[in-house]
Number of protein chains: 2
Amino acid sequence: MYAFCNFVIPMRKTHITIHDIARELNVSASTVSRALQDHPRISEPTREAVKRVAAKYNYQPNVVASSLRKGSSKTVGVIVPRINRNFFSKVIGGMEELLAASGYHLMICQTHEKLGNEVSAIQTLVNARVDAVMLSISMETFNYEHIRSLPERGIRLFFFDRAAGDIQTGSVVVDDRLGAYLSVLHLLEQGYRKIMHIAGADRINIYKKRKQGYLQAMHEAGIEVPSSWIMERNQVQEGGESAFSSSIKIKPEAFFCAGDFAALGVMQAARKAGLNVPRDLGITGFANEPFTAFIEPSLTTVDQRGAEMGSMVAGMFLKCEEEDTTSDTCEQKVLEPELIIRDSSVIHK
Amino acid sequence: MYAFCNFVIPMRKTHITIHDIARELNVSASTVSRALQDHPRISEPTREAVKRVAAKYNYQPNVVASSLRKGSSKTVGVIVPRINRNFFSKVIGGMEELLAASGYHLMICQTHEKLGNEVSAIQTLVNARVDAVMLSISMETFNYEHIRSLPERGIRLFFFDRAAGDIQTGSVVVDDRLGAYLSVLHLLEQGYRKIMHIAGADRINIYKKRKQGYLQAMHEAGIEVPSSWIMERNQVQEGGESAFSSSIKIKPEAFFCAGDFAALGVMQAARKAGLNVPRDLGITGFANEPFTAFIEPSLTTVDQRGAEMGSMVAGMFLKCEEEDTTSDTCEQKVLEPELIIRDSSVIHK
DNA sequence: AAACATTGTGCAATCGATTGTACGCTTTTT
DNA sequence: AAAAAGCGTACAATCGATTGCACAATGTTT
C-alpha cells in the first residue's frame, strides 16, 4: 500500500491547508484562519507571519470546505435558454462584471427551451448550494413547482427577461409592449399603413406583450387590424419566410416581427420575390442580434439592454446579501427598451 | 436573539440531510448513505425504506459536503475568451452535452482576452476544486505559470482551439493551417491570383498557422507574395475596413481574412467603393459566425467544428476519470476544419 | 494590591457525506 | 457441533475552514 502511495502522491499533490501553515508556525489552525480574515483579536506579528507563509506556498482557501461550514458557496447559478443568443450573453456579461467584483462566481446552465433541462438545471444548482439562481424561464415552462422549490430551500431567486408571473420575487424585465409600440409607431411615421405582425406563441408572455404593443400603436393610428394581419410563427428564419409567402395576396406594406430571425426570413423571402426593402416593404425585428447591423439593408430592431439587465439583477442580489433579506422583498423592475432605427424601415425621399 | 431567530428560520429553511432520514428510520447516517448509493451490503428492505423517505422529502445530497469528503466536485471549469462568440458557445454546448450526461456541471468563465482575467479565473476554479479545467488561452497569454499550477495541484487540464504549445496535456485544436490552405486554394481555383491576406497578430498561434496556410497555397500556385500583400490587423470590422482602404492602390483581386469580422469590414468597404463582390473582389473569412450566412453576398468561411471539439475534449476528460489517469497522458488531437463555400468567392460564369 | 477589563490564542464542535473497521447475527462448511 | 464465512448495520474518523467559548497573560482601575 505504501509503495502504491508513492506513485499516487506526485500525481495528486495535495493542496496546502491552514493546518500546514499552522504547523509551520507552531500556532493553531484557528489562529491561521482568523489571521487570514483580519480578525481583530489576532496580533499584528502573528497576522503578518501567517500571511507571509500563506503567500510563500501560494495558499488557496478551499472554498468547498468554507462553503460547507458557512452554508454559502459564493456561487450564483444562471439559467438561460441558450448562451449563444446575443442578448443572453450580454446579460451574463453584465452579471459577471458586478458579481466577480464581489467575489462570486457564476454557474451557467442552458435549457435550450426545454422544461426538462430547466428542472435538472435547478436540481444541479440546488445540489451545488448556490446562493442564488438567476432565471429566464424556458418556453415550455408553465408549471412552476420546480422554481418554487428554490425560495423554499432558502435560495434566492431572480427573474430576468422572462418571469414566471405569479411568483413574487425580484426581477428585471424589459417593457416588451413598449418596444413593440415604438417600433410600430416608427413604421407608421414612415408612412407604412398595412403593417403585419409575425407573432411568437401567444402563451409566451413576451410575445403576447409585443403583440399588445403592436395592436396599441395600430389602434391609436386608427387602423383596424384584421386577424389575418397577425401570423403566429416560430421566431426563426423559416418562420419569417413562411409568413411572407402566405401573406403575399394581402400585399403588406411592412412587417413588425417579434424576433430578428423571423425578420431576416421575411427580408430574404421578400428580396427573392423582387421586392425592395424598405421601399416596397418595411421590416423591423426584435432583439438586436449582431447580424442585424451587418445585413443589407441593415435591420431596424429593438435592443433589450441585456448588459444593464444583468447588472441590475446582480445588484439586487448583492443588496439582498448585504441586508440579509430574501429575494421576495425585491422589486420588479421594468427597463425601457431602445429602438434602433436602421435601413430596413426608413424610406429616403 | 430567539425572537430574531423566529424570523430567520422560515426564510432559511434548512435542507434535508441524511441524518434527518436516518432519524426517521432509526438507522445510522452511514446506512442511509450506503443505501442511496446502492451499496451491496445494505439489505433490500432497508434500501427501499431509505429511498422512499428520501423521495418523500425530496432529499438532495449536498454536493458541497460530498465534494469535500471525496475531493472531487463533479464540476468542470471552462475558460473561454468570450461566450458570445459563436464558435465558443458551440464548444461549450458540445462539452455540456457529454458532461451533463455523466453528472458533471460546468463553471464557465470569460477572459475577454485579458491575461489578468485568465489568472483570476484559474484561481476561482482552483478554489472551487473543479475536477478539470478546459482552457482556450487568451491572446495576452504568453506566460504559462498560472496554467502550470493546475496539473501541479492535481487538476486535469485540457486545451481546446488555442493551446499553450509547451505544456504537455490533452488538447483538441483545429488545423488552422489546413483551413487557410483550403480557403486560399478555393480562391485560386476561382481564378483569383492577387490574393491578399488580412492576418491576425503573428504571436498568436492560430493566426500564424492561418498565414502559413495562405503562404503555402500561394507558393504551390507559383505566386510570389510580396510582404505588402499581408496586412496585420485586429480581427474586427474596422480592421477589415482599414486594410481595404490601404490596399486600394495594389488593386487586389481577393482577400483571405483570418476572421469573419475583418472579412465583413472588407466587404462593406469594398461595396462602398463601388466594387462588386465577388466579381471584382473575392472575399473569404474564418470562423463561420452565424451572420456570414445572412449577409449579402453570403461569406465563404471556414467552420472550426466547435461542437465536435467540445465533445472530444469532454470525452478525453471522461476517459481520464474512468481510467484514473492524468491529463498529460492524453493525446493532442487535430480536427480538420470545413470550408463553407458561399457567394462571396464564387464567380458565376 | 485586589478586582476587573483587555488581548491573543487554543480547543473542540460544526457543516454533511463518505468509508474503513468492528461487531453481532445468521448461514454454511467440515 | 464447532469453526468459518457471509451479511447487515453502527461507530467514528475524515475532508478543511469556521467560530463560540475557555483560558492565560497582560494592562487598567480603584
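Chain naming here is simple, since letters A, B, ... match the order of the sequence lines and numbering starts at 1 in each. Small disclaimer: the values here were computed from a predicted structure and weren't measured.
Residue contacts shown for A:V64 are absent, as no nucleic acid heavy atom lies under 4.0 Å away. Residue A:S67 is classed as having no contact, given no heavy-atom separation below 4.0 Å to the nucleic acid. As judged by a 4.0 angstrom heavy-atom cut-off over every strand, A:N26 is placed among residues touching the sugar-phosphate backbone only. Among the protein residues, B:V27 comes within range of the sugar-phosphate backbone only, with heavy atoms under 4.0 Å from sugar or phosphate atoms but none that close to a base.
Computed from coordinates, the A:I16 CD1 to D:dA17 C1' distance equals 15 Å when rounded to whole Å. Rounded to whole Å, atom C1' of D:dT9 lies 11 Å from atom NE2 of B:H39. Taking atom CZ on A:R69 and atom P on D:dT14, their separation rounds to 19 Å, with Å as the unit. Rounded to an integer number of Å, the gap from B:D20 CG to C:dC15 C1' is 13 Å. Counting to the nearest Å, the C1' atom of C:dG16 and the CZ atom of A:R129 are 9 Å from each other. Atom C1' of nucleotide C:dC15 and atom CG of A:D131 are separated by 15 Å, given to the nearest angstrom. One can place CD of A:Q37 at 17 Å from P of D:dG16, the figure rounded to the nearest angstrom. Rounded to a whole Å, the CG atom of A:L25 is 11 Å from the P atom of C:dT9.
Taking 4.0 angstrom as the limit, B:S33 places a side-chain polar atom (N or O) nearer than this to OP1 or OP2 of C:dT18. Put simply, B:Y59 has no side-chain N or O that comes within less than 4.0 Å of OP1 or OP2 on C:dG16. A close approach under 4.0 Å does not occur between any side-chain nitrogen or oxygen of A:S43 and OP1 or OP2 of C:dT7. For B:T17 and C:dG16, the shortest distance from a side-chain N or O to OP1 or OP2 is not below 4.0 Å. The shortest distance between the side-chain N/O atoms of B:S28 and the OP1/OP2 oxygens of D:dC11 is not below 4.0 Å.
Side-chain contact check for B:N62 and B:Q60: no donor-acceptor pair (N or O, by modelled atom type) lies under 3.5 Å. In this model, no donor atom of one side chain and acceptor atom of the other lie less than 3.5 Å apart for B:E145 and B:S149. No hydrogens or angles considered: a donor-acceptor pair under 3.5 Å links the side chains of A:T141 and A:S138. A donor atom on one side chain and an acceptor atom on the other are not found under 3.5 Å apart for A:E118 and A:T111.
Atom-to-atom distance recorded for B:Q168:CD and B:L157:CG is 11.0 Å, nearest 0.5 angstrom.
When each of A:R41 and A:I18 is assigned the nucleotide of DNA chain D with its nearest heavy atom, A:I18 is the one assigned upstream, toward the 5' end. Across the interface with DNA chain D, nearest-nucleotide mapping of B:E44 and B:L68 shows B:E44 to be the residue nearer the 5′ end.
Residue A:R34 places a side-chain atom within donor-acceptor reach of the base of C:dG10, judged by atom type and a 3.5 Å distance cut-off alone. For a distance-only test at 3.5 Å, the side chain of B:S30 qualifies as a donor-acceptor partner of the base of D:dC11.
Among D:dG16, D:dT19, C:dT19, the nucleotide with an atom closest to any side-chain atom of A:N62 is D:dG16.
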Could you give me the CA-CA distance, side-chain angles and deciding distance for A:E24 and A:K56, then say whether salt bridge (Lys or Arg N to Asp or Glu O under 4.0 Å) is met?
-> CA-CA 12 Å; A:E24 171 145 346; A:K56 181 171 104 187; 2.7 Å; yes
